[in-house]
Structures are given as structure tokens and as C-alpha cells.
Amino acid sequence: MHIYYSDLAAFNSICTVSIFVEMDFDAVAKYSVLHAKPSGLTLQYGTAGFRTKAENLDHVMYRMGLLAVLRSKQTKSTIGVMVTASHNPEEDNGVKLVDPLGEMLAPSWEEYATCLTNAEEQEIQTILSDVCQKEAVSLHQDAFIVIGRDTRPSSKKLSQAVIDGVSVLGGQYHDYGLVTTPQLHYMVCCWNTQEHYEKATVEAYYQKLAKAFVELTKQAFSPGDSHRSLKVDCANGIGALKLQEMECHLPRELLIQMYNNGTKGKLNHLCGADFVKVHQKPPQGIEVKPNERCCSFDGDADRIVYFYNDAAGHFHLLDGDKIATLISTFLKELLSKVGQTLTMAVVQTAYANGSSTRYLEETMKVPVHCVKTGVKHLHQKAQEFDIGVYFEANGHGTVLFSKAAVEKIRHLAKEEKDNQKREAAKMLENTIDLINQTVGDAISDLLVIEAILALKGFTVHHWDAMYTDLPNRQLKIKVADRRVIDTADAERRVVAPPGLQEKIDGLVKKYKLSRAFVRPSGTEDVVRVYAEADTQENADTLAH
Ligand SMILES: CC(=O)N[C@H]1[C@@H](OP(=O)(O)O)O[C@H](CO)[C@@H](O)[C@@H]1O
Ligand SMILES: [Mg+2]
């Protein structure tokens with residue numbers, strides 16, 4: 001592993017003199033001018049970091065490089081910076097900071113990020129000093145930052161701006177270049193666990209996942225099996241490059257055919273997980289034959305949804321709720337085979353289809369918790385259990401295993417005398433190794449799902465038939481100021497403006513099996529409306 005130092009001439013001269021003990025504000029100011037803020041622009045660090053048109057992000061990147069150094073010094077850990085705008089259009093870009101265990105940035109630091117990004121040039125110094133003081137950042141501490149980027153044309157230059165910010169404050173860095181968002185999260189975690197989690201290379205990531213997949217599916221593949229071919233829509237993004245790199249590590253029985261691999265089409269344009277979920281139809285650039293199992297990644301490969309067309313040509317979506325159900329059913333069965341009473345729960349948001357919640361609670365007897373939209377909320381809740389399965393309906397999710405659960409399972413996989421129990425424990429152990437626990441990961445989730453389907457001998461039909469989704473509709477509404485809407489109860493009820501919730505309640509009562517809520521988006525200037533009911537027509541009318 002190489003550690004790169006900045007090649008900035010100015011930085012080199014600074015670091016020999018000050019050895020990072022003080023911030024060199026002259027250098028910070030000099031480079032701030034080179035990464036100037038467009039006047040009048042204000043941005044907010046939202047659910048997924050900063051996102052906007054790429055041409056407005058140069059100063060944000062530079063400043064996030066600065067902030068990442070302070071966060072690294074404060075936590076005495078490696079911090080990640082990922083340059084991506086996920087499923088947004090190719091012209092957009094964005095950035096988010098990744099905290100020490102691969103998780104999302106702490107909320108107080110989100111505020112610093114917003115403040116620093118919107119500051120005028122002459123205010124930067126004061127803000128950096130304030131952060132150091134409030135957070136007791138020791139400037140003597142070394143800083144190490146890992147950087148990754150997606151395939152957008154603007155990403156390379158923007159990640160260079162991050163590097164400028166890191167270097168000017170004397171931080172060291174490793175630039176992973178083109179990686180998926182979850183790969184970068186995984187690398188951050190590796191660095192901070194002294195590589196106990198795994199070696200901090202993309203190659204080691206492939207090897208670990210592939211080994212776990214091979215072990216887990218050992219008994220599953222039968223010769224001449226025709227169900228194991230899978231068509232993958234890569235959204236013309238980074239997922240294509242990385243899945244291609246990984247393919248040689250995977251067994252031949254898993255036949256992956258890639259579409260929208262970025263050689264022709266535009267990123268996220270008429271394809272990708274978000275397109276498929278929102279439009280409820282297959283992406284362009286892929287021929288979907290009846291009953292063929294297909295899936296879509298989003299632009300930075302942290303989300304996945306499955307879909308197929310039935311014999312009558314009807315489109316079926318298997319979203320995050322279906323994925324959570326499949327995985328938790330599988331885990332629950334293994335746990336009962338092992339004879340262990342580890343706590344397990346599924347964490348969802350208000351957007352989870354009511355049928356999935358009912359199926360999990362009533363049929364599977366798995367406790368379900370509802371939290372606010374945004375991965376960080378799901379992740380946090382899932383940490384409360386030995387096994388926490390979390391997925392947003394849009395396909396972002398993973399499974400978290402507590403340290404105690406991992407130790408117990410690894411012990412049983414080795415020492416358990418009862419053959420059947422030991423084998424089940426081994427399967428759980430391989431499942432743990434197959435899952436990227438830092439964040440939702442389309443490649444890792446794909447392998448988990450394919451392994452479970454193969455082991456259960458399930459076709460996409462069997463999986464889809466576990467429960468039937470309630471018809472639903474999501475709408476976006478532009479309003480003058482979305483912040484007037486305030487919600488409670490994991491965003492399922494409106495508490496302001498007064499009277500709105502009563503109106504919604506009145507409408508919901510008119511339909512069977514119905515549910516509806518509104519909330520201001522955390523990533524777009526819109527209010528989102530969600531409704532579900534017994535028929536599509538009723539769901540549509542209720543939403544409208
Ligand atoms: C309904 C919906 O899909 N909301 C998305 C969207 O959040 P909003 O706060 O709804 O804009 O973007 C988030 C970040 O990518 C993602 O976590 C979330 O699931
Ligand atoms: Mg994404």
C-alpha cells in the first residue's frame with residue numbers, strides 16, 4: 001500500500017517547517033482562492049452529503065478535504081471522502097465524508113460541513129479554528145484520508161480538489177481512484193480496524209466476498225442448472241467496472257450478464273435502480289425475456305433492486321422490502337437450525353410496503369422497527385440487535401452482526417459437535433463474510449441474494465410470491481417552502497402545519513388497507529407524498 005503525499009510545491013515547503021502543528025492559514029487562504037466559491041451559492045450537507053451541479057462543487061471539495069483532515073485528527077482515525085452523486089444525473093456531482101467504521105458522518109460534523117461550505121473566503125480560517133476548539137482537535141495528531149470517486153466526467157478533477165484541501169492542512173492520503181461508494185466505506189473500516197476486517201485493497205475485498213460466496217453455495221449449484229443466470233443493469237456507472245473486475249473470482253455457475261456497462265449510454269439515463277424503482281419498468285438497454293431474473297444497480301453501486309417480466313409481460317419489482325424479507329427469512333431459518341437465541345430485527349422506513357411489514361411481523365414473527373428516512377437512521381437502529389437487517393424500499397441496505405454474535409457464530413462453526421448445527425453455523429459465518437457491513441453494497445447484496453436463491457432452489461417467482469405488495473404511489477410536489485412541514489413518529493405523521501394531518505386522516509379513511517404520509521425531502525427541494533391502498537387506482541387517487 002502506497003501512501004501518497006501531495007505534490008503541491010507550497011505544501012511541501014510548509015510541512016517541513018511547521019510539521020503540521022499549526023495550521024498554515026496563508027496556504028489555506030491561497031488555495032481557497034484557487035478553489036473559489038461561486039457567489040451567492042448556499043448548499044446543505046444533506047442525507048447523502050452535498051449534491052448539486054458539478055460546476056458548483058470545486059470549492060466544496062477543497063473545503064471537505066480540509067474538514068476531513070480535522071475529523072481524522074479528532075478521531076485519530078482514517079476518514080473517507082467519496083466523490084459521487086449516486087443516482088443523480090451525470091452533470092451533477094457530490095461528496096460525502098465517511099466516518100471511522102465506514103459509517104456516515106456524525107451529525108455535529110454535518111453542521112460544520114455546511115458552515116464551512118457556505119463560508120466566504122475570509123471566514124474559513126475562523127471556522128476551522130472554531131471546529132478545532134469545539135471538538136478539541138489536536139493539531140499534533142497525524143491525519144490520513146482515503147479518497148474514492150465514481151465514473152462521472154467531473155469526478156477526477158473534483159477529487160483533485162479534495163486532495164488539495166487534504167494536503168494544504170498536512171494530511172496524508174491514499175487515492176483509491178475509481179471505486180464504488182461501498183468499497184470506499186469498506187476501505188475506511190479496514191484501515192481503522194488494523195485490517196482485522198480485511199486488507200484495505202479492492203483486490204482483498206473481491207477475494208473475501210468471492211471466497212464466502214463459493215463456500216456458502218458449495219452444495220447449492222447443480223449441473224445443468226438453468227436458473228442461475230442473472231442480467232445486471234449497471235446504470236452505466238462504476239458498478240460495471242467493479243463487477244467486471246470481480247467476475248473472474250466468482251464461480252462459473254453464476255452466470256452474470258452485464259448491461260448498461262458505460263461503453264455507450266449515459267450514467268443513470270433511463271436505467272439504474274432509481275429509474276426502475278420510480279418508473280416501475282425495466283431499464284433501457286436490456287432485453288428482458290419472460291421470467292428472467294434481472295437486477296439494477298444505481299450510479300455508485302450502493303443500491304440494488306431486482307425485477308422480472310412474467311409470462312403475460314407484466315413487470316414485477318423486487319425492491320428493498322423483498323430483499324430484507326428474503327435475507328431475514330434465510331437468517332432466521334439458519335438461527336433456528338443452530339439453536340441460538342440471538343436477537344434479530346428488521347429496520348424499515350415509512351416507505352416500506354405495508355405488506356412487507358405485515359409479513360415479517362405476522363408470518364415470520366420477526367420484530368420490525370420503523371425509523372426516519374436516510375441510511376444513517378437505519379444503520380443506527382440496526383446496531384441495537386445481534387442481527388439487524390435494514391433496507392430502504394429503494395434498495396439500499398445491509399445486515400449488521402454484533403461483535404458478540406460474530407464471535408458466537410465463529411465459535412460454533414468450529415467447535416459445535418452436532419454436524420447439522422455446525423454446518424448451519426458455517427453457513428451463517430460465510431454469510432457474515434459475504435456482507436459488507438459498513439453500508440449497503442449492490443455487489444455484496446447481489447451475491448447474498450444469489451446465494452440464498454440458489455440454496456433455497458428459488459426462482460424469482462418463488463421469491464416474489466413470499467407476499468404481495470400493496471399497490472402504492474409516490475409523488476413529488478414543489479412548494480414555496482418545504483420546511484413548513486414538520487413530522488413525528490418516524491415521519492409517519494405531520495405535526496405542522498396544523499390541520500394537515502387531520503385532512504390526511506380523513507382521506508385515508510375512505511380507502512381499504514390504506515396508509516399515507518407526507519414529508520419534506522432531505523435531498524431535493526420537494527415534498528414527498530406516499531400512499532398505498534387496496535387497488536392501484538385507490539392508491540393513485542389517495543396520493544393525488
Ligand atoms: C423516498 C426515498 O427514496 N428517499 C431517498 C432520498 O431521501 P429524501 O430525504 O426522501 O430525499 O435520498 C436518500 C439519500 O440517497 C435516500 O436514503 C432516501 O431513501
Ligand atoms: Mg447510491
Side-chain angles (χ1 to χ4, degrees), residues 209-233 239 243 246-247 249-259 273 276 282 286 288-297 303-311 315-335 337 346 356 359-360 363-364 366 389 391 395 397-399 423-424 426-428 430-436 440-469:
L209 265 58
K211 181 166 175 276
F213 182 79
V214 169
E215 292 284 319
L216 186 58
T217 54
K218 244 188 218 157
Q219 275 107 41
F221 293 120
S222 41
D225 196 339
S226 61
H227 299 303
R228 302 277 65 94
S229 98
L230 172 69
K231 289 185 167 175
V232 186
D233 155 31
L243 194 54
M246 175 149 203
E247 238 191 330
H249 298 274
L250 294 171
R252 262 178 307 164
E253 286 87 345
L254 177 65
L255 197 68
I256 291 178
Q257 295 171 270
M258 275 182 256
Y259 297 84
V276 172
I286 177 169
V288 186
K289 297 202 187 113
N291 301 321
E292 266 182 346
R293 198 166 65 256
C294 307
C295 68
S296 274
F297 289 3
R303 270 161 65 173
I304 184 169
V305 294
Y306 272 67
F307 59 91
Y308 70 98
N309 279 340
D310 64 23
F315 173 82
H316 295 254
L317 178 73
L318 295 104
D319 62 0
D321 303 337
K322 286 260 154 122
I323 297 172
T325 308
L326 181 75
I327 295 178
S328 49
T329 304
F330 174 72
L331 291 174
K332 190 163 173 177
E333 284 165 4
L334 284 180
L335 281 177
K337 276 189 197 156
V346 174
S356 72
Y359 177 82
L360 283 164
T363 311
M364 290 305 304
V366 175
V389 181
F391 271 87
T398 186
V399 186
E423 284 312 307
K426 273 189 192 165
M427 287 175 79
L428 275 173
N430 286 316
T431 309
I432 293 170
D433 290 336
L434 187 52
I435 286 170
N436 181 351
D441 181 334
I443 293 179
S444 157
D445 289 340
L446 177 155
L447 293 174
V448 173
I449 293 164
E450 289 303 309
I452 296 174
L453 294 178
L455 283 161
K456 284 179 158 296
F458 264 24
T459 63
V460 71
H461 276 286
H462 295 124
W463 175 18
D464 197 25
M466 288 173 84
Y467 64 84
T468 307
D469 273 325

Regarding K337 and E423, does a basic nitrogen lie under 4.0 Å from an acidic carboxylate oxygen? no
If I compare all heavy atoms of L216 with all of L455, which pair ends up nearest, and what's the gap? O-CD2, 3.6 Å
Test applied, side-chain contact (heavy atoms from CB on, under 4.5 Å); reference residue, F297; option that passes from L446, V305, D233: L446
Who pairs with Y467 by ring pair (Phe, Tyr, Trp, His ring centres under 6.0 Å), at least two apart in sequence or on another chain? Y359
Has K332 got a side-chain atom pairing as donor or acceptor with M364's backbone, closer than 3.5 angstrom? yes
Would you check if I323 and W463 make a side-chain contact, meaning some heavy-atom pair closer than 4.5 Å? yes
Does D433 offer a backbone N or O that forms a donor-acceptor pair with the side chain of N430 under 3.5 Å? no
Please answer whether the main-chain N or O of A451 pairs with a side-chain N or O of T217 as donor and acceptor at a distance below 3.5 Å. no
Are F330 and V448 side-chain neighbours, meaning at least one heavy-atom pair lies under 4.5 Å? no
Please list, chain by chain and in numerical order, all residues satisfying ring pair (Phe, Tyr, Trp, His ring centres under 6.0 Å) with F213, sequence neighbours excluded. none
Looking only at heavy atoms, the pair that brings I256 and E247 closest together is O-OE2, 3.4 Å
With sequence neighbours excluded, what pairs up with K218 under the side-chain hydrogen bond (donor to acceptor under 3.5 Å, both in side chains) test? E215
Calculate, to the nearest 0.5 Å, the distance between atoms CG and CG belonging to D321 and L360 respectively. 8.5 Å
Report yes or no: does H462 contribute a side-chain atom to a donor-acceptor pair with the main-chain N or O of T459 at less than 3.5 Å? yes
